[in-house]
Amino acid sequence: MSRFFSNELRTLKPYTPGEQPKVVGRLIKLNTNENPYPPAPGVIRALSDDQLDSLRLYPDPEASDLIEAIAENFGIRPDQVMVGNGSDELLAFAFFAFRNDDNIIVYPEISYSFYPVLCDMMHLEGIKIPLDEEFKVVPSYYNHAGGTIVITNPNAPTGIALTRAEIRSILDNNKENLVIIDEAYVDFGAESAVTLIDEYDNLLVIQTMSKSRSLAGGRIGFAMGNAELIADLNRIKFSFNPYNLNRLSIKAGIEAIKDINYFERITRLIANTREHFVNDMKRLRFTVLPSESNFVFVKSDEISGEDYFKALRKYNIIVRYFSDPKIKDFVRITIGTPDEMKALVDATKEILEAR
Ligand code: PMP
């Protein structure tokens, strides 16, 4: 740490992303919830030579074409949409913009580990609300939470989703607080809260193209909420990084959101693969939390989370292990192609048999 680093930030523990190996080659990469299928065909066609030529020009700082395409897809108005460089950026803008007077952010104890990092960095007090013994988010625990609430739905790394009615109850019992619903994984089976944005001025929904639209490398997130909330987020964006989306990502995002058939086909395929995989893992006596996302959280009484993670690595399969004592028995496995999941199940059989 240099002697110039801010004193206020000296204790900051940055977020550790999942491993991104330099050469993917023979690896089966099931550790960061990417989509195993390519982006929609239109995305690939859109990134033509003309687009590359135009890189000398700044992008549209408002990303209006992309915002219109997203608004049309969800049947909402463009002034109810904002885009970010990944949903991580929008989360950062939202934490910064919507801190309450007490600087409190409330989120589930087991959830996306970027939230506590943002709190640390912005000097916000993160209040962690426990899950129940089945690892579920309990809506009533959030009644009058006393700060801005952030809920991942479906939750990560558990994969368990709240229903729209449950989200509604959190909104009803927190009229005085903003509720951010992080829907990074919603398209694999859960109910989106976006249909509620006209009804609740305290709701901000954040989604991403990284998972269901196969564009993790394009870094495109979007937030949806009432026009005033969106205008506030834009106040932060234009004070921080006005050209937050690059030209190629704007183009890619438009094509990805327009191809509804492709989106529905690959999300359904992943959900089907998940159901088969869950059955296979249960047959191998694993506990599998009920997932509505593109990953599953599993544990076995026969092998620790860490040992299982390390053993799979020897088969060139990467999954995600978390050392947090509350979830250290589990590993999180992204749903890949049926062949990738079969390779993982076969490796798991061998690992268990060798013990
Ligand atoms: N929210 C959750 C719950 C996530 O797991 C992730 C992915 N790490 C994100 C947001 C951020 O996704 P991105 O920045 O790629 O949109």
Side-chain angles (χ1 to χ4, degrees), residues 14-20 29-35 39 63 66 70 81-95 105 107-119 121 126 128 131 135 137 148-162 167 179-190 192-194 204-224 233 237 240-241 244-246 249-250 252-253 256-257 270 289 291-297 318-322 324 327 330-335:
Y15 175 69
T16 316
E19 183 185 349
Q20 303 299 351
K29 188 174 180 307
L30 303 175
N31 66 332
T32 49
N33 300 339
E34 287 135 328
N35 197 309
L66 176 56
I70 294 170
V81 182
M82 145 107 188
V83 289
N85 195 297
S87 53
D88 281 342
E89 185 183 60
L90 292 169
L91 287 166
F93 289 167
F95 274 45
I105 306 272
Y107 52 86
E109 181 175 25
I110 295 168
S111 194
Y112 184 28
S113 48
F114 194 45
Y115 305 150
V117 177
L118 287 174
C119 286
M121 171 143 126
K128 297 181 182 178
L131 303 181
F135 293 92
V137 170
T148 296
I149 299 170
V150 190
I151 307 259
T152 313
N153 194 43
N155 197 12
T158 63
I160 301 174
L162 291 176
I167 299 287
V179 179
I180 301 172
I181 306 295
D182 176 351
E183 294 189 347
Y185 303 103
V186 78
D187 296 324
F188 301 99
S192 173
V194 72
L204 184 74
V205 175
I206 298 186
Q207 293 196 5
T208 177
M209 298 209 191
S210 295
K211 319 290 177 182
S212 54
R213 293 187 173 82
S214 304
L215 282 173
R219 313 301 306 124
I220 307 164
F222 48 103
M224 297 172 286
L233 282 177
K237 163 185 144 154
F240 178 77
N241 186 11
N244 63 337
L245 249 74
N246 70 70
S249 292
I250 290 174
I257 203 96
I270 289 167
L289 298 190
S291 171
E292 311 272 10
S293 53
N294 69 336
F295 55 83
V296 289
F297 209 38
I318 329 185
V319 298
R320 188 90 191 254
Y321 166 71
F322 302 88
D324 175 338
I327 50 173
F330 287 84
V331 301
R332 191 194 68 192
I333 303 173
T334 303
I335 302 300

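Order of listing sets the numbers, starting from 1, for every ligand and every atom in it.
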> Hey, are the side chains of Phe188 and Ile335 touching, using non-hydrogen atoms and a 4.5 Å cut-off?
Replying inline: no
>> Within ligand 1, which atoms have a heavy atom of Ser210 less than 4.0 Å away?
In response: 13 (P), 15 (O), 16 (O)
>> Considering both backbone and side-chain atoms of Tyr15, is one of its nitrogen or oxygen atoms within less than 3.5 Å of a nitrogen or oxygen in ligand 1?
In response: no
> Around atom CZ of Phe240, are there more than 12 heavy atoms of other residues, nucleotides or ligands at under 6.0 Å?
Replying inline: no
> Going by the atom numbers of ligand 1, which of them fall below 4.0 Å from some non-hydrogen atom of Gly86?
Replying inline: 14 (O), 16 (O)
> Which is it for Ser87 and ligand 1 at heavy atoms under 4.0 Å: side chain, backbone, both or neither?
Replying inline: both
>> Polar contacts were defined as any N/O atom of the residue lying under 3.5 Å from an N/O atom of the ligand; does this apply to Tyr115 and ligand 1?
In response: no
> Just which atoms of ligand 1 are under 4.0 Å from any heavy atom in Ala184?
Replying inline: 1 (N), 2 (C)
> How are the rings of Phe297 and Phe330 set relative to one another: parallel (under 30°), tilted (30 to 60°) or perpendicular (over 60°)?
Replying inline: parallel
> In the protein, which heavy atom is nearest to atom 11 (C) of ligand 1, and how far is it?
Replying inline: Asp88 OD1, 3.1 Å
> Any side-chain heavy atom of Asn35 sitting closer than 4.5 Å to one from Asn294?
Replying inline: no
>> Has Asn85 got a side-chain atom pairing as donor or acceptor with Asn244's backbone, closer than 3.5 angstrom?
In response: yes
> Can you find a pair of side-chain heavy atoms, one from Met82 and one from Leu90, that are under 4.5 Å apart?
Replying inline: yes
> Under a 4.5 Å cut-off applied to non-hydrogen side-chain atoms, are Arg332 and Asn33 in contact?
Replying inline: yes
> Counting each atom of ligand 1 from 1 as listed, which ones have a heavy atom of Thr152 under 4.0 Å away?
Replying inline: 3 (C)
> Taking atom OG1 of Thr208 and atom CZ of Arg213, what is their separation to the nearest 0.5 Å?
Replying inline: 9.5 Å
> Can you tell me if Met209 has a non-hydrogen atom under 4.0 Å from ligand 1?
Replying inline: no
> Which protein heavy atom lies closest to atom 1 (N) of ligand 1, and at what distance to 0.1 Å?
Replying inline: Asp182 OD2, 2.7 Å
> Which of parallel (below 30°), tilted (30 to 60°) and perpendicular (above 60°) describes Phe114 and Tyr112?
Replying inline: tilted
>> Which residue and atom name correspond to the protein heavy atom nearest atom 7 (C) of ligand 1, and how close is it?
In response: Lys211 NZ, 3.4 Å
> With backbone taken as N, CA, C and O and side chain as the heavy atoms from C-beta onward, which portion of Arg332 lies under 4.0 Å from ligand 1: side chain, backbone, both, or neither?
Replying inline: neither
>> Below a 4.0 angstrom heavy-atom separation, can you tell me which part of Arg219, side chain or backbone, both or neither, approaches ligand 1?
In response: side chain
> Of all the non-hydrogen atoms in the protein, which one sits nearest to atom 5 (O) of ligand 1, and at what distance?
Replying inline: Tyr185 OH, 2.6 Å
>> Under a 3.5 Å distance rule, please check whether Glu183 uses its side chain to pair with a backbone N or O of Ala193 as donor and acceptor.
In response: yes
> Any N or O on Thr208 sitting closer than 3.5 Å to an N or O of ligand 1?
Replying inline: yes
>> Below 4.0 Å from ligand 1: does a non-hydrogen atom of Phe114 turn up there or not?
In response: no
> Can you tell if the side chain of Phe295 reaches within under 4.5 Å of the side chain of Leu30, non-hydrogen atoms only?
Replying inline: no
> Got the closest protein heavy atom to atom 8 (N) of ligand 1, with its distance?
Replying inline: Tyr112 OH, 3.1 Å
